[in-house]
Amino acid sequence: MSNNNSFSRRRRGMRFKPKGGLNPAHQKSDRDAVEARADVVSEQGGSDRLFEKRHLHEIERAENIAAGLPAEGKPEPAPAPASPAPSHDHRHEPAPAVPLAEDQFEPVKIPEQPKGLIETITTAAANIVKKVQRLIRPEKRVHKEVIINAEMLETRVAVTEDGKLEEFNIERTTEERLVGSIFKGKVRNLEDGLKAAFVDIGFEKNAFLHYWDIVPNQFDSGVEIVERENQGRRPQKPKITQKDIPRLYSPGSDIIVQVTKGPIGTKGPRVTTNLVLPGRFLVLLPNSDQSGISRKIENPEERKRLKKILRELHIPDGMGVIMRTAGEGQQLRYFVRDLAFLIEEWNSVQEKIKKQPMATCVFQEPDLIERTVRDFLTEDVERIVVDHQKAHDRMREIISKISKRSASKIKLYTEAQPVFDRFGISKQLENTFSRQVHMKSGGYIVIDETEALVAIDVNTGRHKGGKDQDALILKVNLEAAEEITRQLRLRNMGGLIVLDFIDMKSGRDRQQVHNRMRDGLRRDKAKTHILPISQLGLMEMTRQRHSESVRAAVYDDCPYCKGRGKVKSTETMSVEIQRKLQELLKKRTRDETDFQLRIVVHPTVLDRLRTEDEKHLIEMEKRYFGKLSFRADTGMHAEQFKIVNVETNEELASVGA
């Protein structure tokens, strides 16, 4: 009996609960969250991630060491260029007007360019077919348009749905498009300790190429591998390992690389030999015989149909393709045209590789106009309006190679009023990029971008309460979830993001908001990862952007407040001036003569010194036998002051200069 009891005690003592519970899905979720955080903290840039990054941490460490930085450290941000202090006025940011309920949207009418007879008949026939289809099968229609403003110094692209701004991109024509470009390089030296090669691609700093970026990589988890029918019969390429790299790529040898991340601080560009050429529906992999399909296409029947199409494509030996999400619903002929276009482009790259000297670019990442054609011109886009003749002609030429029918969607805007003003985009941009964003329900969100993370706070706004407070909070939070996903795309914010929703008592309500966020992020091209709402009402998420945020591209830190958004108060400046005066007056040797000092300050600080603090200064003069005179200088910074010895004209102190 006693043995049974002791056995029972032992069993009870061995009970345990694994971290995350008995459900392994929780542990997987934790791992996913850690990986997602690592992705955004590592500042991974470039095109969409197609290859796995198991060794990303090792590559980051080696790159940091090579740049003379701590292994786990980040490069110091480059100091802002010194600028003369302008006249500065930090005003309170005006809250944007609360949008009113919209009437039924009507697309903006623009004058059509003269067409030929055949094109006129074709367009009229297509319009009649569309009208008949809508009569037979009525459906909710969304007017989706792409508006392009092409100017000398910058190009702006806006995507609107029923007139509402949904996507926004900006590119300066003076900026070099480095990420995604392919170079004919020369290996300068190998560092076996770092497992890295340094490649000369024509820049001041050699590019960093880790051994893991030379070895052929498997696809990322976002791509499903598709076996092609004749793939098994082809002779397999000998597998390259890290041991083979010193033999294959010795110093002085040629190597073709693609930039995955631009230079940052003391680091040169990061490159890889796993080349990718993105098209409209396909991504061509010239150095990989693997093929796959994006997991963002979720419909099982559609995936099955696309896999069948992929197996029917005639892909050259030694190459592979990945079907992009834009290919969803497309017919075989579109993929055939896109593949032919990409192969032609790759052949052109190979010709340049043969003819061009070392350390030169053989393929440059397309500009924003070409990328717009590639990424945004889908079946649901009604028209693309562009306000520049050359850009219009170039877009029509590019699209005609893939789909002549789609070329008719390109419209030239010739009116005097700026195109962004005509389509109501300028006002939306002004409202969108303010700190506060108001919503139709009366609530609003507050967005703060910091060095470490982005913080977004949700508020009920003008709603003071009611009978069903929980229903109101849920309504505001659901609308905020939709607006936040839109703002993330518009502002291109990335990294760690913390959302502070209004507290909800019900777990079901929290789940609803989480689902709305997840649904809204599905249309985001950037890779995202979200966690459920905590009991504190906080949601944590990551967004891995591939270029700088719009805020960083458009705005500089204020040279007056150095990006703080605040300057020291006049009271603080008065305290600092009195502290410095006391120090100087105490130091001097006591004699019969008065010690005369002139203090030069900003006019607002002088007002404070002459009024509220005058008695303290008079008392200081009496205590230390000094004589103080003050002078205003409008050219001075509000946080700057100088103290000068009147007799010798010697500058005794200069603060904030």
**Student:** Tell me whether Glu540 at atom CD has more than 12 heavy atoms from other residues, nucleotides or ligands lying less than 6.0 Å away.
**Tutor:**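 Counting neighbours around CD of Glu540, 12 or fewer heavy atoms of other residues, nucleotides or ligands fall under 6.0 Å, so no.
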**Student:** For the residue pair Asp613 and Arg608, establish whether any side-chain heavy-atom pair is separated by less than 4.5 Å.
**Tutor:**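 Asp613 reaches Arg608 side chain to side chain.
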**Student:** Of all heavy-atom pairs between Ile502 and Asn459, which one has the smallest distance, and what is that distance?
**Tutor:**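 Nearest heavy atoms, Ile502 then Asn459: CD1-C, 3.9 Å.
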**Student:** For Glu370, does its backbone N or O pair with a side-chain atom of Asp367 as donor and acceptor, under 3.5 Å?
**Tutor:**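 Yes, because the side chain of Asp367 sits within donor-acceptor range (under 3.5 Å) of the backbone of Glu370.
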**Student:** Between Val437 and Gln487, is any pair of side-chain heavy atoms under 4.5 Å apart?
**Tutor:**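 In short, these two side chains touch, coming nearer than 4.5 Å.
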**Student:** Do His514 and Ile530 have side-chain heavy atoms sitting under 4.5 Å apart?
**Tutor:**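 Yes, at least one pair of side-chain atoms sits under 4.5 Å.
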**Student:** Can you tell me how far apart CD1 (Ile445) and CG (Asp500) are? Round to the nearest 0.5 Å.
**Tutor:**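 Atom-to-atom, Ile445:CD1 and Asp500:CG are 12.0 Å apart.
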**Student:** Do the side chains of Glu145 and Ile384 get nearer than 4.5 Å, heavy atoms only?
**Tutor:**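 Contact flag for Ile384/Glu145 side chains = no.
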**Student:** Considering all heavy atoms of both residues, which atom of Leu165 and which atom of Glu167 are nearest to each other, and what is their separation?
**Tutor:**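 So the minimum-distance heavy-atom pair works out to CD1-O, 3.4 Å.
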**Student:** As an exercise, state the distance from NZ of Lys525 to CZ of Arg324, rounded to the nearest 0.5 Å.
**Tutor:**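 The CZ atom of Arg324 is 8.0 Å from NZ of Lys525, to the nearest 0.5 Å.
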**Student:** Please answer whether the main-chain N or O of Ile148 pairs with a side-chain N or O of Arg156 as donor and acceptor at a distance below 3.5 Å.
**Tutor:**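 Not a single qualifying donor-acceptor pair exists.
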**Student:** Side-chain donor-acceptor pair under 3.5 Å between Thr272 and Gln258, yes or no?
**Tutor:**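 There is no such pair (donor and acceptor under 3.5 Å, judged by atom type) between the side chains of Thr272 and Gln258.
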**Student:** Tell me, with the steps shown, if Arg516 and Thr485 meet side chain to side chain contact (heavy atoms under 4.5 Å, CB included).
**Tutor:** CA-CA 9 Å; Arg516 186 67 63 91; Thr485 56; over 6 Å; no
**Student:** Looking at CD1 of Ile577 and CG of Leu609, how far apart are the two atoms once the value is rounded to the nearest 0.5 Å?
**Tutor:**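 Ile577 CD1 to Leu609 CG: 5.0 Å, rounded to 0.5 Å.
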**Student:** Quiz question: by atom type and distance under 3.5 Å, do the side chains of Arg543 and Asn492 form a donor-acceptor pair?
**Tutor:**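 On atom types as modelled, these side chains qualify, holding a pair under 3.5 Å.
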**Student:** Given side chains that start at C-beta, do those of Val498 and Ile456 come closer than 4.5 Å, heavy atoms only?
**Tutor:**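 Answer no - side chains too far apart.
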**Student:** Side chains of Thr155 and Glu151: donor-acceptor distance under 3.5 Å anywhere?
**Tutor:**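 No, no side-chain donor-acceptor pair sits under 3.5 Å.
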**Student:** In a check of salt bridge (Lys or Arg N to Asp or Glu O under 4.0 Å) between Arg489 and each of Glu483, Glu482, Glu166, which one passes?
**Tutor:**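 By the salt bridge (Lys or Arg N to Asp or Glu O under 4.0 Å) criterion, Arg489 pairs with just one of Glu483, Glu482, Glu166: Glu166.
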**Student:** When you measure from the side chain of Glu430 to the backbone N and O of Ser426, does any donor-acceptor pair fall under 3.5 Å?
**Tutor:**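 Pair absent, no side-chain N/O of Glu430 close to backbone of Ser426.
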**Student:** Between Arg172 and Glu154, is the closest basic N to carboxylate O distance under 4.0 Å?
**Tutor:**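 Judged by the 4.0 Å cut-off on N to carboxylate O distance, Glu154 and Arg172 do form a salt bridge.
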**Student:** Which heavy atom of Ser654 sits nearest to which heavy atom of Lys642, and what is that distance?
**Tutor:**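 Reported closest heavy-atom pair: OG-CG, 3.7 Å.
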**Student:** Apply the test side chain to side chain contact (heavy atoms under 4.5 Å, CB included) to residues Val271 and Phe208: give CA-CA distance (whole Å), side-chain angles for both, the deciding distance (0.1 Å), then the verdict.
**Tutor:** CA-CA 6 Å; Val271 295; Phe208 179 87; over 6 Å; no
**Student:** Any non-hydrogen side-chain atom of Val458 less than 4.5 Å from a side-chain atom of Ile484?
**Tutor:**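 Yes, side chains in contact.
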**Student:** Looking only at heavy atoms, which two atoms of Val179 and Thr260 are closest? And how far apart?
**Tutor:**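 That closest heavy-atom pairing would be CG1-O, 3.9 Å.
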**Student:** Please assess Leu472 against Gln469 for the test side chain to side chain contact (heavy atoms under 4.5 Å, CB included), listing each intermediate value before the final yes or no.
**Tutor:** CA-CA 5 Å; Leu472 169 66; Gln469 187 75 4; 4.3 Å; yes
**Student:** Go through the steps to decide whether Val385 and Phe423 satisfy the test side chain to side chain contact (heavy atoms under 4.5 Å, CB included), and finish with yes or no.
**Tutor:** CA-CA 10 Å; Val385 181; Phe423 283 79; 4.0 Å; yes
**Student:** Using atom types as modelled and distance alone, determine if a side-chain donor or acceptor of Glu479 lies under 3.5 Å from a backbone N or O of Ser441.
**Tutor:**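 The answer is yes, because a donor-acceptor pair under 3.5 Å joins these two groups.
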**Student:** Starting at CZ of Phe501, measure out to CE of Met539 and round the result to the nearest 0.5 Å.
**Tutor:**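 Spacing of CZ (Phe501) from CE (Met539) equals 5.0 Å.
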**Student:** Can you give me the closest heavy-atom contact between Ala158 and Ile425, atom names plus distance?
**Tutor:**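 For Ala158 and Ile425, the tightest heavy-atom pair comes out as CB-CD1, 3.7 Å.
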**Student:** Are the side chains of Ile147 and Val157 in touch, meaning some heavy atoms are under 4.5 Å apart?
**Tutor:**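 SC-SC contact between Ile147 and Val157 ruled out.
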**Student:** Consider side chain to side chain donor-acceptor pair (under 3.5 Å). Of Gln364, Glu171, Glu365, which one does Arg177 pass it with?
**Tutor:**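 Of all the options given, the one that passes is Gln364.
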**Student:** Do Arg491 and Phe168 have side chains that approach each other closer than 4.5 Å (heavy atoms only, starting at C-beta)?
**Tutor:**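 Of all side-chain heavy-atom pairs linking Phe168 with Arg491, none is under 4.5 Å.
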**Student:** Where the side chain of Thr542 meets the backbone of Thr528, is there a donor-acceptor pair that is under 3.5 Å apart?
**Tutor:**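 Checked: no pair found.
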**Student:** Where the side chain of Asp162 meets the backbone of His143, is there a donor-acceptor pair that is under 3.5 Å apart?
**Tutor:**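 Yes, Asp162 side chain to His143 backbone: donor-acceptor pair under 3.5 Å.
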**Student:** Please report the shortest heavy-atom distance between Gln436 and Val446, naming the atom on each side.
**Tutor:**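 That would be CG-CG2, 3.9 Å.
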**Student:** Are more than 12 heavy atoms from other residues, nucleotides or ligands located less than 6.0 Å from atom NZ of Lys427?
**Tutor:**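 Open: at most 12 neighbouring heavy atoms sit under 6.0 Å from NZ of Lys427.
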**Student:** Return the CG to OG1 distance between Leu606 and Thr570, rounded to the nearest 0.5 Å.
**Tutor:**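 That separation rounds to 11.5 Å.
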**Student:** Under 3.5 Å, is there a donor-acceptor pair between the side chain of Thr572 and the main chain of Lys568?
**Tutor:**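 Looks like no, no N/O pair under 3.5 Å.
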**Student:** Return yes when atom CZ of Arg610 has more than 12 non-hydrogen atoms of other residues, nucleotides or ligands closer than 6.0 Å, and no otherwise.
**Tutor:**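 Open.
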**Student:** How far does NZ of Lys296 sit from NZ of Lys527, to the nearest 0.5 angstrom?
**Tutor:**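 Result: 9.5 Å between the selected atoms.
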**Student:** What is the ring orientation for Tyr560 with His637, classed by angle as parallel under 30°, tilted 30 to 60°, or perpendicular over 60°?
**Tutor:**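 Geometry flag for His637 against Tyr560: parallel rings.
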